[in-house]
Amino acid sequence: MRVMIGAMLALLAATPPSAAQDEAAAAMQSRPPQGGLEALVHRDTFFQGAVRSVTGPEPNLNLAWDARSIRVRSGEWQICTGRNYTGRCITVDRDMPTLSSQFRNIQSMRPTGGFGTGVGQSLRGASSEFFPAPLRNGQRIECTGGGNSSCARSEANSFCRSVGWVMSRTQTTETVDRRSVVADVLCSRTPF
C-alpha cells in the first residue's frame, strides 16, 4: 500500500500543471499595471482555474464561465450582474475566495472612488458619481493649458470615461501648489 501511495504521489508531482493553473500563477506573480488598479476574476473558488485580469472599467466582461472567486490586487471594485453596471451590484475591496451564488454571473465591473483606487474619494449615486479631487494614476489631474473651462471639461470627460461613466456633467478647476487642477467633477451616464 505504501508503494502504491508513493507511486501516486510521484505521478502527481510529475504531472505538468494545466494551462489555467499556469495562467493563474503568472497573474499572481506579475505586478499590477501602471495606476495600480487590478482585480483577478477566477472561474473556481479559492482563486483557482481560469482567470481574467481587470485593470479598469469593463462594461461588458463577456466571461465564458461563471466567476467563483475574486482576488483584489489593488483598489475597490463594483461588480454587477448586468452589463453597463446594471442589475445587482456590490462593492468589493478585499479578496473573496467564494462568491455568493447571486454574483457568479458577473457581467460588468469597474473601480469605484473608494480608498486605494487611485481615482480619488467619491460619492456614488445610482446614475452619477461626484469626485471633489479626481486623480489619474494617483495624482491630481492638471490642466496644462491653464485653468480655462475648456481644459477642465476635456480632462473631466476623459476622467469620467476612464472610471466607467459616459461624461462629466459639471467640473471646475482649483489652484494647488501653483498648478491648475481639475476639481468637483460630477460623472454621469447622461448629459442632463
Side-chain angles (χ1 to χ4, degrees), residues 32-41 52-67 70-94 96 99-145 147-174 180-192:
Q34 183 67 22
L37 295 174
E38 185 177 32
L40 301 172
V41 180
R52 166 88 183 271
S53 171
V54 180
T55 59
E58 290 281 351
N60 182 9
L61 272 173
N62 201 25
L63 294 174
W65 33 264
D66 283 349
I70 295 179
R71 184 175 297 278
V72 176
R73 303 264 323 268
S74 57
E76 179 181 274
W77 297 84
Q78 179 187 47
I79 61 173
C80 299
T81 58
R83 289 188 176 112
N84 296 311
Y85 321 109
T86 60
R88 183 173 285 146
C89 299
I90 60 169
T91 300
V92 177
D93 64 356
R94 60 184 53 93
M96 298 185 72
L99 283 175
S100 163
S101 61
Q102 59 188 330
F103 285 101
R104 289 185 179 160
N105 188 19
I106 299 171
Q107 296 292 316
S108 58
M109 64 188 289
R110 63 182 166 185
T112 69
F115 176 77
T117 61
V119 296
Q121 297 294 316
S122 72
L123 178 62
R124 181 187 294 272
S127 62
S128 62
E129 187 170 9
F130 177 71
F131 295 85
L135 304 174
R136 182 177 294 133
N137 297 327
Q139 302 293 318
R140 293 293 302 270
I141 302 169
E142 190 170 355
C143 267
T144 55
N148 63 39
S149 62
S150 175
C151 174
R153 184 172 35 259
S154 174
E155 292 293 343
N157 279 330
S158 175
F159 168 78
C160 290
R161 285 189 297 275
S162 77
V163 294
W165 295 97
V166 173
M167 65 176 301
S168 171
R169 290 176 80 182
T170 63
Q171 65 281 318
T172 190
T173 59
E174 68 177 317
S180 180
V181 294
V182 178
D184 297 342
V185 175
L186 180 63
C187 296
S188 176
R189 287 192 185 104
T190 60
F192 304 107

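Quick note: residue numbers are just sequence positions, from 1. In this text the structure is predicted, and so the values were computed from the model without any measurement. The analysis underlying the following values was restricted to heavy atoms, covering all of them including side chains, and did not include hydrogens, waters or symmetry mates.
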Does S108 reach the main-chain N or O of Y85 with its side chain, forming a donor-acceptor pair under 3.5 Å? yes
Does T81 reach the main-chain N or O of G87 with its side chain, forming a donor-acceptor pair under 3.5 Å? no
Return the OG1 to CG distance between T170 and L186, rounded to the nearest 0.5 Å. 4.5 Å
Could you check whether any side-chain N or O of N157 sits under 3.5 Å from a backbone N or O of M167, counting only pairs where one atom can act as donor and the other as acceptor? no
Considering non-hydrogen atoms only, spot the tightest contact between Q107 and G82 and give its length. CB-C, 3.4 Å
Could you grab the distance from atom OG of S53 to atom CZ of R73, nearest 0.5 Å is fine? 7.5 Å
Enter the distance from L99:CG to I90:CD1 here, rounded to the nearest 0.5 Å. 7.0 Å
E58 side, atom CD; L63 side, atom CG - distance, nearest 0.5 Å: 9.0 Å
Would you confirm whether S154, through its side chain, and C151, through its main-chain N or O, come within 3.5 Å as a donor-acceptor pair? no
Between CD on residue E142 and OG on residue S180, distance to nearest 0.5 Å: 7.5 Å
Can a side-chain donor-acceptor contact be found between T112 and E76 if the only test is distance below 3.5 angstrom? yes
To the nearest 0.5 Å, how far apart are CD in E129 and CZ in R110? 6.5 Å
Sequence neighbours excluded, the answer for salt bridge (Lys or Arg N to Asp or Glu O under 4.0 Å) partners of R140 is E174
When you compare the side chain of R136 with that of S158, does any pair of heavy atoms fall below 4.5 Å? yes
Which heavy-atom pair separates A39 from I70 by the least distance, and what is that distance? CB-CG2, 4.4 Å
Closest heavy-atom pair and its distance - C80, T86: CB-O, 3.3 Å
With sequence neighbours excluded, what pairs up with F103 under the ring pair (Phe, Tyr, Trp, His ring centres under 6.0 Å) test? none
With a 4.5 Å limit on heavy-atom distance, are the side chains of V41 and M109 in contact? yes
Where do P111 and G56 come nearest, in terms of heavy atoms and distance? CD-C, 3.8 Å
Any side-chain to backbone donor/acceptor pair from S162 onto F159? Under 3.5 Å, distance only. yes
Give me the atom names and distance for the closest heavy-atom approach of W77 to V72. CD1-CG1, 4.0 Å
